Trainee: 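I'd like to ask you about the structure that follows.
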Amino acid sequence: MHKARKRFGQNFLNDHHVIDRIVKSINPTVGQHLIEIGPGRGAITEPLLQALDGHLDVIELDRDLIPILKAQFFRYEGLEIHEADALKFDFASLAQDDRPLRLVGNLPYNISTPLMFRLLEFSELISDMHFMLQKEVVERLCAAPGDSAYGRLGIMMQYRCEARYLFTVPPGSFSPAPKVDSAIVKLTPRKELPYKAENFQLFAQVVKAAFAQRRKTLRNNLKGLIDEQALTNIDINPSVRAETLDIESFVRIANAMHESAQ
Ligand code: SAH
């Protein structure tokens, strides 16, 4: 019997109602290209395979789980098991035809933030993503200006994706039970960006700096990047905190910096 490993963030789903609800939210249909990150012992893998006529890619890091998955699903010839680290995985290698990728997973919580940033690099290949994460992380991903959870993670995600909180999952739905609540988020990459940063790196830098010290004003956090007058010129009040600004405002700041550097 395989023993759950903490370092791989293993909390296996064992609640059939929750598994059903997740699969219904994903709503997989034959012909779609789904990729599951961290299949574990196959709790979501099984119903996905049934809905997808046996065609699925899964990415699993724990090599001890690979033979278990292979034995459990040997009948499904269309199942591709990739023994790999999702943080380093080249998702473009799976986008060999015109079908967009649909990503799903009950993710290891210890890698969730770096994984979100990594997946954003592939957002053009992806049609949607359904992930189970710590509830607090889902709240950050979906937060709007003024919410206490609003910050860098939500802004960087919502710049490229629409983020929707689907539902909460209590610790008792897993074995072993985690210490905190979890939630399912749906992330849908935008086909067109409503506000486009001329220089994405600069935008990322502005957002990071603006939240470096949450309680400080923009004037202070952006010192050395853009001065007070330049902020006023684009209708941004230097005395406010970053948590009050919407994404369009951050894009405006980055674009003003970009233009003045030309
Ligand atoms: N989907 C299963 C397991 C969830 S636990 C279920 O719901 O029951 C998280 C899974 O992600 C584990 O199987 C763990 O081994 C795997 N995992 C952890 N780190 C990973 C990584 N970097 N890349 C891919 N899989 C990883």
Side-chain angles (χ1 to χ4, degrees), residues 1-28 34-52 54-73 76 79-94 101-122 126 128-138 166-187:
M1 180 63 183
H2 173 268
K3 219 164 155 286
R5 289 208 177 82
K6 221 183 174 133
R7 78 187 157 97
F8 290 130
Q10 292 177 345
N11 298 101
F12 300 108
L13 268 169
N14 63 2
D15 178 330
H16 284 282
H17 292 291
V18 171
I19 294 168
D20 257 17
R21 204 164 164 203
I22 294 172
V23 175
K24 283 211 176 78
S25 303
I26 298 168
N27 188 23
L34 267 80
I35 301 165
E36 187 189 2
I37 300 173
R41 297 173 188 153
I44 330 180
T45 317
E46 172 91 59
L48 289 178
L49 281 165
Q50 282 167 10
L52 291 161
H55 290 276
L56 181 68
D57 283 278
V58 301
I59 302 167
E60 176 55 61
L61 180 61
D62 182 352
R63 70 157 88 127
D64 293 343
L65 285 171
I66 304 291
I68 296 175
L69 288 166
K70 280 189 177 155
Q72 188 178 353
F73 299 121
Y76 294 101
L79 171 65
E80 295 280 350
I81 301 176
H82 307 269
E83 182 187 335
D85 182 345
L87 284 173
K88 297 184 186 139
F89 193 80
D90 177 16
F91 289 87
S93 71
L94 296 182
L101 308 178
R102 301 192 70 200
L103 269 53
V104 308
N106 167 13
L107 296 183
Y109 295 162
N110 49 351
I111 66 161
S112 59
T113 305
L115 184 62
M116 292 299 108
F117 280 101
R118 168 90 177 146
L119 292 175
L120 282 175
E121 295 171 26
F122 299 99
I126 298 171
D128 64 11
M129 307 180 253
H130 287 80
F131 293 134
M132 171 99 73
L133 297 164
Q134 240 172 288
K135 181 182 170 191
E136 178 231 315
V137 174
V138 174
L166 296 189
F167 56 91
T168 307
V169 182
S173 299
F174 304 86
S175 167
K179 292 202 173 62
V180 294
D181 273 340
S182 304
I184 301 284
V185 63
K186 177 177 184 181
L187 303 162

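Nothing fancy with the numbering, it's 1 onward along the sequence. Because the structure is a prediction, the values reported are computed rather than measured. First listed ligand is number 1; within each ligand, the first listed atom is number 1.
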Trainee: With atoms numbered from 1 as shown, which atoms in ligand 1 lie under 4.0 angstrom from a non-hydrogen atom of Ile59?
Mentor: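 In order of numbering, the contacting atoms are 24 (C), 25 (N).
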
Trainee: In Å and rounded to the nearest 0.5 Å, what is the CZ to CG distance from Phe89 to Asp57?
Mentor: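 Spacing of CZ (Phe89) from CG (Asp57) equals 7.0 Å.
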
Trainee: Quick check for you: to the nearest 0.5 Å, what is the distance between Met132 atom CE and Ser112 atom OG?
Mentor: 12.5 Å

Trainee: Specify side chain, backbone, both or neither for Glu36, according to which of its non-hydrogen atoms lie closer than 4.0 Å to ligand 1.
Mentor: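 The part of Glu36 near ligand 1 is the side chain, not the backbone.
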
Trainee: Nearest protein heavy atom to atom 18 (C) of ligand 1, by residue and atom, and its distance?
Mentor: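 Its nearest protein heavy-atom neighbour is Phe8 O, 3.0 Å.
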
Trainee: What is the distance from atom CG of Asp90 to atom NE2 of His82, rounded to the nearest 0.5 Å?
Mentor: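 The distance works out to 11.0 Å.
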
Trainee: Considering non-hydrogen atoms of the protein only, which is the closest contact for atom 2 (C) of ligand 1, and what is the distance?
Mentor: Pro39 O, 3.2 Å

Trainee: One residue to check: Asn11. Relative to ligand 1, which of side chain, backbone, both or neither has a non-hydrogen atom less than 4.0 Å away?
Mentor: backbone

Trainee: Which protein non-hydrogen atom lies closest to atom 19 (N) of ligand 1, naming both residue and atom, and how far is it?
Mentor: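 Answer for atom 19 (N) of ligand 1: Pro108 CG, 3.4 Å.
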
Trainee: Which residue and atom name correspond to the protein heavy atom nearest atom 12 (C) of ligand 1, and how close is it?
Mentor: Gln10 CG, 3.6 Å

Trainee: So which of Gly42, Gly105, Ala43, Ala86 gets nearest to atom 23 (N) of ligand 1, if we judge by its closest heavy atom?
Mentor: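 Comparing heavy atoms across Gly42, Gly105, Ala43, Ala86, the nearest one to atom 23 (N) of ligand 1 lies in Ala86.
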
Trainee: Answer yes or no: does an N/O atom from Asp85 fall short of 3.5 Å to an N/O atom of ligand 1?
Mentor: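 Yes; at least one N/O pair falls below 3.5 Å.
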
Trainee: Any idea which atoms of ligand 1 are less than 4.0 Å away from a heavy-atom of Asp62?
Mentor: 15 (O)

Trainee: Would you call Val58 and Leu48 a side-chain contact if the rule is heavy atoms closer than 4.5 Å?
Mentor: no

Trainee: At less than 4.0 angstrom from any non-hydrogen atom of Ala84, what atoms of ligand 1 do you find?
Mentor: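 Result: 23 (N), 24 (C).
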
Trainee: Taking Glu136's backbone N and O only, do any of them form a donor-acceptor pair with Gln134's side chain (distance below 3.5 Å, no angle check)?
Mentor: no

Trainee: Identify, for atom 8 (O) of ligand 1, the protein heavy atom at the shortest distance, and state residue, atom and that distance.
Mentor: Leu13 N, 2.9 Å

Trainee: For ligand 1, note which part of Ile111 has a heavy atom under 4.0 Å away: side chain, backbone, both or neither.
Mentor: side chain

Trainee: I'd like to know if Lys3 pairs up with Asp64 as an ion pair, taking the criterion as any Lys NZ or Arg NE/NH1/NH2 lying under 4.0 Å from an Asp or Glu carboxylate oxygen.
Mentor: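 So Lys3 does not pair with Asp64 through a salt bridge.
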
Trainee: Nearest 0.5 angstrom please: Asn11 CG to Lys6 NZ, how far?
Mentor: 9.0 Å

Trainee: Are the side chains of Tyr109 and Ser182 in touch, meaning some heavy atoms are under 4.5 Å apart?
Mentor: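 A side-chain contact under 4.5 Å exists here.
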
Trainee: Counting C-beta onward and ignoring hydrogens, is there a side-chain heavy-atom pair between Glu36 and Ile59 closer than 4.5 Å?
Mentor: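 Not in contact.
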
Trainee: Among Gly9, Gly38, Pro178, whose heavy atom sits nearest atom 3 (C) of ligand 1?
Mentor: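 Going through Gly9, Gly38, Pro178 one by one, Gly38 has the nearest heavy atom to atom 3 (C) of ligand 1.
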
Trainee: Starting from atom 6 (C) of ligand 1, find the nearest protein heavy-atom neighbour and note its residue, name and distance.
Mentor: Asn106 ND2, 3.4 Å

Trainee: Please check if the side chain of Arg41 supplies one atom and the backbone of His2 the other of a donor-acceptor pair under 3.5 Å.
Mentor: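 Side chain of Arg41 to backbone of His2: a pair is present.
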
Trainee: In terms of residue, atom name and distance, what is the protein heavy atom nearest to atom 26 (C) of ligand 1?
Mentor: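 Ranking protein heavy atoms by distance from atom 26 (C) of ligand 1, first comes Leu61 CB, 3.7 Å.
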
Trainee: Should Val23 and Ile44 count as side-chain neighbours, where that means a heavy-atom distance under 4.5 Å?
Mentor: yes

Trainee: Looking only at protein heavy atoms, identify the closest one to atom 13 (O) of ligand 1 and say how far it is in Å.
Mentor: Glu60 OE1, 2.7 Å

